[in-house]
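Written below as C-alpha cells is the structure these notes are about.
This structure is a prediction, so every number in the text was calculated from the model and none was measured. Per chain, numbering begins at 1; letters A, B, ... match sequence-line order.
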Amino acid sequence: MTNKKLLLIDGNSLAFRAFYAMYNQLDRMISHEGLHTNALVAFNNFLDKIVDPMAPDLALVAWDAGSGKETHRGKLFPEYKDGRSKTPEEFKEQFPYLREMVMLHGLRNYEQVGLEADDIIGTYSRLGEAAGYSVIIVTGDQDLTQLATENITVNVTKKGVTDIESFTPEYIKEKFNLTPAQIIDKKALTGDTSDNYPGVTKVGEKTALKLLSEYKNIDNLYANIDAMKQSKMKENLINDQKLAFQARELATILTDATLELPLAELEYRGVDFENIVPFYENLDFKQQLAKIKALRKSGQIDSTKDQDDDVRFVPLTENNLHSITMLGSKVAVHIEFVGDNYHDGEMIGFVIGNPEIGYYASRDVSLLKTDELKSVIENEDVLKNVFNVKAQLVLFKRLGLDLKGVNFDFMLVAYLLDTVANDNVLSTLAQRFDVYLTPDEDIYGKGAKFAIPTDDHVVLSHITSKADGLFKLENPAFSELNQHQQTHLYTDIELPLAFVLAEMEYQGIKVNPEYLTEKGKDLSERISDIQSAIYIEAGEEFNLNSPKQLGVLLFEKMGLPVIKKTKTGYSTAVDVLEKLAAQAPIVDHILQYRQLAKLKSTYIDGLLSVIYPEDSKIHTRFLQTLTQTGRLSSVDPNLQNIPMRSEEGRLLRTAFVPSKSGWKILGADYSQIELRVLAHVTDDKNMQKAFLNGEDIHAETARAVFGLADDAVVDPLMRRTAKAVNFGIVYGISDYGLANNLGISRAEAKNFIDTYFREFPQIHEWMNTIKDFAREHGYVETIAHRRRYLPDIHAKNFNVRSFAERTAMNSPIQGSAADIIKIAMIKVNEALQKNHLQARMLLQVHDELIFETPVDEIDELTEIVTSVMDSAVALDVPLKVDAHYGDTWYDAK
DNA sequence: CAATTCACG
DNA sequence: ACGTACGTGAATTGT
C-alpha cells in the first residue's frame, strides 16, 4: 500500500540554486520584454522533472517573507543574516513570475510574516506526518535534514536543481553517523557563515562529527567538559559555550508554528495547461510550448481549442506519387526508425518535400521503392537536407536505394560547430538556432513507455516538422560553419566520409561463430577451475566480480596492504593487484580470472549476441559525431577494442574472417602517426629530422634525453623511458603523470621533461603557444580546422584548469591524426572504385584500416592502400604505413 | 544510474 | 600546495 504524499518545497533555496545553476546563461536568457529568465527556466525544469511525475496529493512551495529580521531568529540574534551580498536585480525581477509559475503548475504558494520557509516546512511536515502522509521535502539547504523521520524524507539538491540526494534517518546515520536531531547539534558547534552566526571557534564539520560521536549532543558535551583532556579545542569549547547554545537555537527549525492554511487546502491540482500557455508565451519558453502542443496532439492532454499551426503535409499514397517528381531541385528527406540501431530498427514512416511546394509523408516506407520516389532519391541533382546522413544512407540501402545529392546534414554540421553541446538529438540541437521542434520523447515516450502513437497523423506531422526544421536550420548552420572556416572540413571530409562509413557498416564483417562458441566452452571451464581455486584459497565463496567484496577479502580479512583507494573503497585494479601478487598466490589467480572473464563476457558472449544470423556478420555503427577530438567511435558492438595486447585475447581475432572463400584480410596502419603530427604542427626541426632520416623515434628520443652519441646503442630501459616521455608529451605532459607512469620520482620526471624540452625546443614553444591560443580564443583546432572548445581553460580550480591545458595540447594532435585517416579513407575508397577492385574497407581503428580482398588483388591493394594513405595529407614529415594480410584478422600482422 | 574495471588506439 | 597522464565502449555490481 502507498501512503498519500505531501510535497513541501523550499522555494527560496531552490530558486536561488536555479538562478546560479544557469548563471552562465544569464545574458542569453532574456525574454522579449527584457526579463531575465534563467532561474525561471531551471525552476520550471524542476517542476516538470521532479514534481509533476511525483503526482503528490498535497503540495506547497514555502517562501521566506522579508529578510528574516522579523522572525524569532532575528529577534534572538540581531546580526542574523547580516553581511549577505545583496540579491542581484536580475534574480529579484524573476520572483513574481516564480510564484505565478508555481500556481500554474498546480501547487500552493505560502509565506507568512515572522516565519522563514524552513519553519513553514517544518510545521507542515509534522502536521502531514500526524495525518498519515508520506512527506517529501525538497530543498537546497542541508539544514532541513534535521526534519527527517521514518515518514519524512528530505531531498537536497546537489548540483543544479534536478540532481537530488535523499536524506532519510538511515542515510543520515550512514553518511554522518548522526540522528536527524544531532544535525542541529552539529550546526550548534560549527555555526553558519551564510546566515552569519558563529559556533565554536575552530570547530568545523570534521571536529563536530567527532565530538558528537563521543558526546551525542551539546548538553551532554558541556555536562562532561571538565573531564575532557586539556587542549586548545577544549578552551574554545568553554569560551564559546554561549555561542554554541545560541547557534543551536538559531539552527532549530520550528515544527509548531501557527499556520493559517489547513492541510486540506494544499491539494495538488497538476499543470493548468490552458493558462500556462500565455505565461510561457510571455516568457518565450518555446520549447515548453512545443511540448504542450505535442501533448495535445497525442491526446495526452485535452485540447479545447483546435489550434493547428502545424506544418502541413499531404498523405502520400499510390495515387498521388507523381507529385513527388514535381518537388523541384531541393528537398528534405527523412525516414523515421525505432531505436538507435538503424541496421535493424523498424522504419515507421517517411517524409519528403520542401516549404515551397509542400511535404508528402506516409507510414508505408515501401512507397520509397516506387519509380517516382527512386527517381528523386537517387537523383544527384535534387539536393537533400537530412538529419544524420549515415543513418539515412543505411536505411535507404536496406530498401535497395542509393541516396544521392546530400547537401546539408544538420547532425554533422552541429557536431563540427560544437562537439560538446552535441547530443545528436535534432530538437535540442535546433534550439541554438532558435528553431523549436518537438522532442521525439514527447511523441513516443521513452524507456518502457515507448509507443508509436496510434494516430498516423501524429507521427507524420511530427516527422514533417523535422523536415521543415531542416530548411530553417540550413542557412544559419552553414553560415556559422563558414565563419569557422569549416566548410571544407564538412564538404570534403565529414560528408563524404559518412558515405564510406555507411557502406562499411552495411557490408559488415564476417565472423566465425563456431570458433567463438568453442573458445567460449574452453574459457568457461578454465574460469570455473580458477574460481574454485580462489574460493579454496579464500576459505569462502563470494562474488568474484564484485570489487567491493573482493576488497573486503583482500584488505580486511587477509590484511594485505592498501595501495590505492577509490571514491567508494579499496581499489582492486590491475596495477594494485600486480603489486600484491608476490604476497599472496590468490592475487595472481584473481588476475587470471579477471582476464578470462573479460574475454568470455565482453568478447565471446558479447560478440556472439550481435552476429546477424542472415549473413553471419557483425554490423557495428561508427559514431561520427561523438568524440571531442574528431576520432570515430564504434558501438553495438565496439570493434575498435578487440583484444590485441595479450596473445590469449589476440587469438579471438581469428574469428574475424573474409566474407568470401579465397579472400584474405588486410590491415594497414600508420606508424607513429601522432608523433609525426606533433613534429609537423610544432615545426620542431630536431624531431622532424629523426622522421626524415627514418630513425626509430623512441630510440632517437632516448639518445637525446640521455645525452648519448648519435650512433650509440640504446638499451631497452632507456628506450622504454623515452617512449613513455613521448606518450606523455602527446597527452599534455606533467611531471606528476610521467612519474606515476614510470614509477620514478617527480624530480626525476621533471628532469626528463626539462631535458626533452631542451632537445626539442620548438615542441616546448608550441605547448605554450597552444595554451595561449586556447586562453585567447576559447578553443583549439586541428589541421583541418576541427574545433574543440575549452571553457575550463580559465577555471580557478587548479585541477579543472590543468585538465583543460592538457586537452589544449592533446586535442590538436589526436584530432589532426583523425583528420588524416579520415581523408585517407575517402581517398582509398575512391581509388578502390577507380581501379575496379573488389576489395572493400571493413573497419577503422583510429590509425589502421582493415580490408577484405580477393587473393589475386592483394598486391595491387597493398600498393594502392599504402600509397594513398601515406600521401593522404602532405606534412613536413613523411607518413609511414605498414600493411599485412592473412586468412583472418589475427593473421593480418 | 553511478562507479569500477578493463579492452583498444 | 594543488594531484591527472589523452580519447573511447561494455560488462558488472550495487544503490
Does A/E648 form a salt bridge (charged side-chain N to carboxylate O under 4.0 Å, His left out) with A/K519? I'd like the steps, not just the answer. CA-CA 10 Å; A/E648 177 94 50; A/K519 188 79 193 170; 3.4 Å; yes
Tell me if the aromatic rings of A/Y756 and A/F760 count as close, with their centers under 6.0 Å from one another. yes
Report yes if a side-chain nitrogen or oxygen of [X] is closer than 4.0 Å to either non-bridging phosphate oxygen (OP1 or OP2) of [N]; otherwise report no.
| X | N | value |
| --- | --- | --- |
| A/N543 | C/dT13 | yes |
| A/Q628 | C/dC6 | no |
| A/R594 | B/dC6 | yes |
| A/S802 | C/dC2 | no |
| A/T568 | B/dT4 | yes |
| A/R631 | C/dT8 | no |
| A/R746 | C/dG3 | no |
| A/S734 | C/dA5 | no |
| A/K548 | C/dT15 | yes |

Taking the side chain as every heavy atom from C-beta outward, state whether A/W889 and A/V511 have any pair of such atoms under 4.5 Å apart.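 No; the side chains remain at least 4.5 Å from each other.
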Close side-chain approach of A/F851 and A/Y885, heavy atoms under 4.5 Å: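 Not touching, per the 4.5 Å side-chain cut-off.
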When all nucleic acid strands are considered with a 4.0 Å heavy-atom cut-off, which category describes A/N810: base, sugar-phosphate, or nothing? sugar-phosphate
Looking across every strand, which nucleic acid part, if any, lies under 4.0 Å from A/V730 by heavy atom: base, sugar-phosphate, or nothing?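 Contact class for A/V730: none.
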Salt-bridged, A/D575 to A/K564, with N to O below 4.0 Å?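 So A/D575 pairs with A/K564 through a salt bridge.
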Give a yes or no on whether a salt bridge exists between A/E674 and A/R631, defined as a side-chain N under 4.0 angstrom from a carboxylate O.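 Yes, this pair counts.
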The dot-bracket string of DNA chain C, counting Watson-Crick and G-U wobble pairs with both distances under 3.5 Å, using [ ] for crossing pairs and | for pairs to another strand, is .....|||||||||.
What I want to check is whether an N or O donor and acceptor connect the side chain of A/R788 with the base of C/dG7 at under 3.5 Å. no
Do the side chain of A/Q640 and the base of B/dC8 come within less than 3.5 angstrom through a donor-acceptor pair of N or O atoms? no
Is there a salt bridge (charged side-chain N to carboxylate O under 4.0 Å, His left out) between A/E494 and A/R786 once you walk through the steps? CA-CA 11 Å; A/E494 296 299 341; A/R786 186 188 302 284; 2.7 Å; yes
Whether A/Y736 stacks on the six-membered ring of C/dG3 base, 5.5 Å and 30° limits: yes
